[in-house]
Amino acid sequence: MSLPYERVRATTRQVVEQARLVRLDTERLRQVVDTYDPILIRAAHTFTSDYHFLGSGELQLNYVFTLDALNFGSGLSPLWKNLEAARLVQGSLYKTVADNLRRAMLAGELLDPVWAASITTDQLAALFGLPSDFPLVEMFVNSLNELGNWLVAEYGGSYSHLLEDSPDAASLVEKLVSHLSYFNDATTYQGQPVYFYKRAQILVNDLYLAFAGKSYGSFPDIACLTMFADNLLPHYFRMVGVLQYNPALAERIEAGQPLEAGSVEEVELRASAVQCVELACQWLNERQPEQPIFPAQLDNYLWNLSQSTEIKSRPRHRTVTYFY
C-alpha cells in the first residue's frame, strides 16, 4: 500500500489532468513563484504565540490534538461571524478556536483524551460562547468524542502513547485516517478515489512546529507532507491568476452559493491547489537546491499571505464539511 501523502499527490495530479471546470495556468504559476522569497517562506513555518498555547510535554500535546480535532468549519464561518455573541480573534475562525482553547488551557483545563471523550454540546458551546444549537458545535463535539474514545480505548487515554506507536508522519496519518471518520478526508472523482487528508497532515505539521521538530514533534519525513487542501489556497491561486474557473462556477462562488462536499467542482478546486504547491516547491528548489522548501512550509507562508484584505476581498468557495 502506498504512503498516505503519496496517495494525495498521485490522485490529485490525476484530477488536475482531467479537470473540466478549473484550469491551472503553469506559465502564470511560474511567474508568481519567481516572486517568492525562500527566506520568508521558512520564517513563516512557525507556531505563533499570539493565539496558540505554547507549553511543553503532555499539556502542549493535548492542546495541539484538541485544536486539530476542531480545525474545520470554514463553510460555516460566515454564520459564526454573524452571531451576536461571536468573539472573533483577528477576524479568523481558526484563530478564534485556537485562542479559546489556549484560554481554556491557561484556566486549568487539561484537554486530554478523557476530556475529549466526555465533552458535551452544552459544555463546548459555553467554552466558545456559542449557542448550543449552532451546527458547528455538534460537529466539533462529534469530532472530539470520536478522537477521545479511540485514544481511551486503544492508547490508555494518552496522546503520547499514540505518538510512541507512530514513529513518522506516514504512520500517524495512516492511523488517524483509518480509525477516525472525521480525519478520513477522501472522496471520488470520475469513479476514482481521491485523497486529501488535510487535517491528519496538518496535525503532524502542528506537532512538528509546536515541539520545534523534537520530542513529540520529531517526524523524519515531515518534508514529504503535501499542502493542506482547504478553500483558502485555491482562492489565493485564483486571485493571483494561476487558477481559472469555469464562468458558471465562478458565478456560483461569487454569489456565495455553497459547493457540495465531494462534488466535481470542490474536488477540482482542492486538487488544483495541491498541485500548485507541488509545482511551486519543485521550481523553488531548482533555484536553490541546497535548502529545499517543502509543501508544508509553503502552505504556511501562503496561508498567512492570504489573510490580506486584497485576497479576501472577493468570496472564496464555501463547503459545509468537517474536512476543512
Report yes or no: does [X] contribute a side-chain atom to a donor-acceptor pair with the main-chain N or O of [Y] at less than 3.5 Å?
X: T120; Y: Q123; value: yes
X: T12; Y: R9; value: yes
X: S306; Y: L233; value: no
X: Q288; Y: Q291; value: yes
X: T66; Y: L111; value: yes
X: S178; Y: K175; value: no
X: S215; Y: F211; value: no
X: S132; Y: D122; value: no
X: N145; Y: I119; value: yes
X: Y189; Y: A271; value: no

For the rings on [X] and [Y], is their centre-to-centre separation under 6.0 Å?
X: H52; Y: Y94; result: yes
X: F219; Y: Y208; result: no
X: H235; Y: Y245; result: no

In terms of hydrophobic clustering (I, L, V, M, F, W, Y; side-chain heavy atoms under 4.5 Å; direct or indirect links), are [X] and [Y] co-clustered?
X: V152; Y: L180; result: no
X: L130; Y: V320; result: yes
X: W80; Y: M139; result: yes
X: W303; Y: Y36; result: yes
X: L298; Y: I39; result: no

Interatomic distance, [X] atom [atom1] to [Y] atom [atom2] [nearest 0.5 angstrom]:
X: N82; Y: L76; atom1: CG; atom2: CG; answer: 11.5 Å
X: E268; Y: L24; atom1: CD; atom2: CG; answer: 11.5 Å
X: N100; Y: K95; atom1: CG; atom2: NZ; answer: 14.5 Å
X: Q244; Y: S272; atom1: CD; atom2: OG; answer: 11.0 Å
X: Y324; Y: L232; atom1: OH; atom2: CG; answer: 11.5 Å
X: L172; Y: L203; atom1: CG; atom2: CG; answer: 5.5 Å

Side chains of [X] and [Y]: donor-acceptor distance under 3.5 Å anywhere?
X: N205; Y: H45; answer: yes
X: E146; Y: S181; answer: yes
X: E265; Y: N246; answer: no
X: Q60; Y: Y216; answer: no

Check step by step if side-chain contact (heavy atoms from CB on, under 4.5 Å) holds for L305 and I311.
CA-CA 8 Å; L305 206 63; I311 297 299; over 6 Å; no
Would you indicate whether [X], at its atom [atom1], is surrounded by more than 12 heavy atoms from other residues, nucleotides or ligands within a distance under 6.0 Å?
X: E138; atom1: CD; answer: no
X: E310; atom1: CD; answer: no
X: E58; atom1: CD; answer: yes

Using the rule given for salt bridge (charged side-chain N to carboxylate O under 4.0 Å, His left out), can you reason through R270 versus D185, listing the C-alpha separation, both sets of side-chain angles and the distance that settles it, and then say yes or no?
CA-CA 12 Å; R270 296 180 75 198; D185 185 4; 2.7 Å; yes
side-chain contact (heavy atoms from CB on, under 4.5 Å) assessment of C281 paired with M227
CA-CA 10 Å; C281 286; M227 66 86 76; over 6 Å; no
Side-chain contact test, heavy atoms from C-beta onward, threshold under 4.5 Å: evaluate it for [X] versus [Y] and give yes or no.
X: D25; Y: R23; value: yes
X: E251; Y: P247; value: no
X: E174; Y: V177; value: yes
X: L176; Y: N184; value: no
X: T26; Y: Q275; value: no
X: Q192; Y: T11; value: no
X: N71; Y: K198; value: yes
X: M239; Y: S313; value: yes

Identify the two heavy atoms, one from [X] and one from [Y], that lie closest to each other, and give their separation to 0.1 Å.
X: F228; Y: D299; value: N-OD2, 3.0 Å
X: N285; Y: I293; value: OD1-N, 2.7 Å
X: L61; Y: S160; value: CD2-N, 3.4 Å
X: P234; Y: L243; value: O-CD1, 3.7 Å
X: G262; Y: T187; value: CA-OG1, 3.6 Å
X: Q201; Y: L225; value: OE1-CA, 3.4 Å

Whether R30 and D34 form a salt bridge (side-chain N of Lys/Arg under 4.0 Å from carboxylate O of Asp/Glu) is what I want to check.
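No, D34 and R30 are not salt-bridged.
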Do the side chains of R316 and E254 get close enough for a salt bridge, i.e. N-O under 4.0 angstrom?
no
Decide side-chain hydrogen bond (donor to acceptor under 3.5 Å, both in side chains) for N142 and Y322; before the verdict, give the C-alpha distance in whole Å, the side-chain angles of both, and the deciding distance to 0.1 Å.
CA-CA 10 Å; N142 289 342; Y322 44 72; over 6 Å; no
Report yes or no: is the cationic atom of R102 (NZ for Lys, CZ for Arg) under 6.0 Å from the centre of the six-membered ring of F53, at an angle within 45° of the ring normal?
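Judged by the rule (NZ or CZ under 6.0 Å from the ring centre, within 45° of its axis), R102 is not positioned above F53.
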Option among Y159, W115, W150, Y155 that satisfies the ring pair (Phe, Tyr, Trp, His ring centres under 6.0 Å) test with F65:
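Single pass found, and it is Y159.
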Output, in order, the C-alpha distance, side-chain angles, deciding distance and verdict of side-chain hydrogen bond (donor to acceptor under 3.5 Å, both in side chains) for R199 and Y182.
CA-CA 9 Å; R199 289 178 48 227; Y182 271 62; over 6 Å; no
Under the side-chain contact (heavy atoms from CB on, under 4.5 Å) rule, what do L259 and N231 come out as? Steps first, then yes or no, please.
CA-CA 11 Å; L259 303 183; N231 69 334; over 6 Å; no
Step by step, would you call L209 with V64 a side-chain contact (heavy atoms from CB on, under 4.5 Å)?
CA-CA 10 Å; L209 294 178; V64 174; over 6 Å; no
